[in-house]
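A short worksheet on the structure shown next.
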Amino acid sequence: MSKVIYTEPDMNKKVKFDRGEMEERIVDIYVSADTLRDGETSTKREETADSAPNNGRGDQNSELDSSGKRPSGVAAVFLGLLCVLLLAGIIGLSVYYNRAIKDSEDKRNILSQSFSLFKINTTSERDQLQTSYNNLTEEKGHIQAKLFVIEQHCQEGWRYSDSSLYFLSTEKKTWEESRQDCLERGADLVIINSDKEQTFVFNLHLRVWIGLTDSVTEGTWKWVDGTSLTTGYWGKGQPDNYGQEDCAEIYFRKDDPVTTWNDGKCGANNSWICEKVV
Ligand SMILES: [Ca+2]
Ligand SMILES: [Ca+2]
Ligand SMILES: [Ca+2]
């Protein structure tokens with residue numbers, strides 16, 4: 001007689017187990033398959049010995065294929081599903097990490113570009129500040145030197161106004177002698193460039209030589225630096241060249257300081273005013 005050698009797996013039962021359970025099932029399936037083969041061999045031996053037909057358990061074993069691979073097929077399906085799940089997981093993780101790596105590289109590139117731009121801007125601003133600092137330092141040096149010259153000249157009796165120093169003589173000399181004195185002081189007879197300067201010089205003293213002459217060409221008045229006269233502050237009726245007058249002086253006392261010049265004789269003795277541009 002045949003024995004109960006195989007238990008039909010309940011396929012309607014919900015398949016939900018962990019890896020351990022699955023491995024246990026696979027072991028059970030293989031055990032069942034081995035048992036089936038052993039049982040089938042035993043059954044064949046019994047049938048041969050009894051030579052009697054058996055429609056009971058013998059029919060039940062005939063529902064399996066002759067090689068007994070039905071349980072192994074189920075295991076293969078589970079293994080296949082497991083492989084598919086693992087493969088899907090690996091693919092998903094690969095996609096995730098590739099995307100994460102790409103995002104990380106993008107952020108690193110953006111940070112690198114931002115840092116480079118910041119570095120360029122910082123370097124440019126630093127250079128501009130350095131240039132401004134150098135300019136201010138140079139300007140400070142010039143101002144300090146200028147203040148030193150002004151202070152030194154003022155201690156010697158010079159007066160300062162609008163970037164020029166002026167020296168008023170205490171003696172009286174001819175126009176040429178006066179100019180020579182100014183040159184020896186590192187200056188020259190005053191050149192009047194504006195109404196403001198004319199007013200300043202007028203208020204210093206009357207009857208003073210200024211650095212203007214027409215001794216080279218009569219009627220062509222030139223300053224001691226060679227420039228031509230453009231704006232004159234002549235008194236009424238002057239210059240008249242009366243008896244050959246070729247040197248200019250501040251002569252007339254007027255309420256209006258811009259009409260006080262006269263052309264006088266260069267050999268006369270006058271005070272004079274030197275000018276030194278600082
Ligand atoms: Ca001047
Ligand atoms: Ca003249
Ligand atoms: Ca005159």
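From a predicted model like this one, the values you see are computed outputs, not experimental measurements. Position 1 is the first residue of the sequence; numbering continues from there. First listed ligand is number 1; within each ligand, the first listed atom is number 1.
- In summary, an N, O or S atom of Asn241 is located under 3.0 Å from the Ca ion (ligand 2).
- Summarising the local packing, NZ of Lys222 is surrounded by 12 or fewer heavy atoms from other residues, nucleotides or ligands at distances under 6.0 Å.
- The Ca ion (ligand 3) lies at 3.0 Å or more from every N, O or S atom belonging to Tyr242.
- The Ca ion (ligand 1) lies at the vertex of an angle of 130° between the O atom of Ile191 and the OE2 atom of Glu275 (rounded to 10°).
- Glu245 and Asp214 get closest at one heavy-atom pair: O-OD1, 3.7 Å.
- Taking the Ca ion (ligand 3) as the apex, the angle formed with OD1 of Asp240 and OD1 of Asn262 is 140°, to the nearest 10 degrees.
- A salt bridge is defined here as a Lys NZ or Arg NE, NH1 or NH2 lying under 4.0 Å from an Asp or Glu carboxylate O, and Asp103 with Arg99 fails to meet this definition.
- Side-chain atoms of Gln198 and Trp261 form a donor-acceptor pair, as typed in the model, at a separation below 3.5 Å.
- Closest to the Ca ion (ligand 2) among the N, O or S atoms of Asp214 is OD2.
- Side-chain contact of Glu197 with Ser194: a donor-acceptor pair under 3.5 Å is absent, judged by distance alone.
- Classified by interplanar angle (parallel below 30°, tilted 30° to 60°, perpendicular above 60°), the ring pair Phe167/Trp158 is tilted.
- Under 3.0 Å from the Ca ion (ligand 2) lies no N/O/S atom of Asp263, from backbone or side chain alike.
- Between the side chains of Asn134 and Gln130, at least one donor N or O sits under 3.5 Å from an acceptor N or O.
- One finds an angle of 120° at the Ca ion (ligand 1) between OD1 on Asn193 and OE2 on Glu197, to the nearest 10 degrees.
- Between the Ca ion (ligand 2) and the N, O or S atoms of Asp246, the shortest distance is to OD1.
- Take the N/O/S atoms of Glu245: the one nearest the Ca ion (ligand 2) is O.
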